[in-house]
Amino acid sequence: MGKALIIGAGGVASVCIHKCCQNPDVFEEICIASRTKSKCDALKEKLDGGKTKISTAQVNADNVDELIALINSFKPDVVINLALPYQDLTIMDACLATKVNYVDTANYEPLDTAKFEYSWQWAYRERFEKAGIIALLGSGFDPGVTGVFSAYAMKHQFDEINYIDILDCNAGDHGYPFATNFNPEINIREVSAKGSYIEDGKWVETEPMEIKRVYDFPEIGKKDMYLLHHEELESLALNIKGIKRIRFFMTFGQSYLTHLKCLENVGMTSIEPIDFEGKKIVPLQFLKAVLPDPASLGPRTVGKTNIGCIFIGKKDGKEKTYYLYNVCDHQECYKEVGSQAISYTTGVPAMIGAAMLLTGKWNKPGVHNIEEFDPDPFMDALNQFGLPWKESFNPDLVE
Ligand code: NDP
């Protein structure tokens with residue numbers, strides 16, 4: 001049905017590419033393009049020979065002209081951005097110039113400020129609408145499936161949703177004292193930032209890891225979780241009817257937190273460049289270079305993830321609670337696509353989001369967050385492509 005240009009060849013891209021190849025009726029042809037072409041070639045070598053035709057290319061996604069030239073030569077129907085959040089705007093610019101649909105999994109972040117919000121990408125709304133193309137923002141798990149879950153709950157279970165708690169539990173153990181499950185630089189920027197949540201239409205800010213709760217996760221058990229700022233809070237508070245409060249919690253083990261604190265205390269998580277032996281280096285980028293590559297954690301990670309949303313709202317005048325979640329097993333993912341569950345739970349929805357656009361199931365020009373589309377075909381595809389969801393009408397609530 002179409003051609004996809006996939007930018008990036010890291011952990012998430014690898015899963016997305018495996019999944020495109022499992023869905024060849026929709027993904028007839030893909031081009032894998034990234035900064036390091038050898039990584040694209042390695043993925044092609046692994047997956048070539050099936051029904052989906054694969055090619056590769058080298059591209060610097062910070063350079064709009066290079067992106068435009070690549071898009072003009074490959075002529076994709078959709079560009080799936082699985083590079084880093086720093087490249088969102090240049091890739092959107094190239095999609096606008098060539099009138100091609102755009103999908104990503106993380107909102108734009110400027111390289112020199114650890115700050116992520118949608119304003120930069122929402123500023124493209126009118127231009128995408130006028131060009132008749134779609135930018136689908138945040139088609140990973142969180143953001144991504146959490147937005148689809150919210151739209152589904154709104155459509156089928158509630159007249160209004162007043163409270164959402166998004167709970168992200170990774171109970172996987174990779175055996176290292178400290179490693180991150182996706183790009184270490186992006187991950188550490190996210191978890192060392194101040195926390196925040198939305199209450200009564202206003203952001204409430206907390207110190208990093210200030211708010212801790214314990215939650216008994218289905219199929220996992222009790223885990224410590226901490227309130228973080230997360231990008232989907234911003235869009236869901238606008239797009240879901242009746243929201244009074246929306247929060248995001250992520251689980252962290254004690255070893256991870258102790259190492260993070262220590263790295264912070266010695267300045268290793270800083271993004272301010274320093275002089276080192278006559279060269280400017282960014283401590284966090286140096287730290288990334290010495291930490292394990294998340295893509296290498298697959299074979300050694302055991303355990304499960306449970307990510308989902310607890311909704312409290314009203315249906316027919318009565319208060320109601322509803323919990324939608326997915327449980328994913330690290331080793332099962334590894335057996336299927338050679339990656340751990342964090343890359344898996346992001347790469348699968350990235351493929352599904354692009355498939356929604358390629359099949360025309362989602363067809364609304366402009367820049368949209370995922371919860372703005374009909375959730376039903378996406379929910380069906382989650383069951384079909386390895387992320388089945390479960391529901392509970394009587395969940396434990398978060399204080
Ligand atoms: P990786 O670091 O494993 O992969 C990033 C890839 O992008 C690498 O192949 C890298 O190339 C490439 N890249 C980086 N800069 C450029 C550039 N300027 N030009 C071309 N290619 C470039 O990251 P992940 O796969 O772990 O994460 C990918 C994205 O997914 C991130 O944006 C992350 O925030 C997002 N994510 C979203 C989640 C969600 O649930 N919504 C959860 C987890 C991640 P090279 O190999 O040369 O370094």
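Nothing fancy with the numbering, it's 1 onward along the sequence. Note that ligands are numbered from 1 as they come in the structure, with each ligand's atoms numbered from 1 the same way.
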Asker: Would you say Gln58's side chain and Arg35's backbone share a donor-acceptor pair under 3.5 angstrom?
Answerer: yes

Asker: Is the charged tip of Lys223 near the ring of Tyr215: under 6.0 Å from the six-membered ring centre and within 45° of its axis?
Answerer: no

Asker: Please confirm whether Lys320 makes a cation-pi placement over Phe158, using NZ or CZ under 6.0 Å from the six-membered ring centre and within 45° of the ring normal.
Answerer: yes

Asker: State whether a side-chain donor-acceptor pair under 3.5 Å links Lys19 with Gln22.
Answerer: yes

Asker: What residue among Leu47, Leu43, Ile6, Leu5 forms side chain to side chain contact (heavy atoms under 4.5 Å, CB included) with Ile30?
Answerer: Ile6

Asker: Show the protein residues that qualify under the rule heavy atom under 4.0 Å from an atom of ligand 1, listing them in chain and number order.
Answerer: Gly8, Ala9, Gly10, Gly11, Val12, Ser34, Arg35, Thr36, Lys39, Val59, Asn60, Ala61, Asp62, Leu82, Ala83, Leu84, Pro85, Gln87, Thr105, Ala106, Gly140, Phe141, Asp142, Pro143, Phe182, Asn183, Ile186, Thr346

Asker: Is the terminal nitrogen or CZ of Arg300 (NZ for Lys, CZ for Arg) located under 6.0 angstrom from the six-membered ring centre of Tyr176 and within 45° of that ring's axis?
Answerer: yes

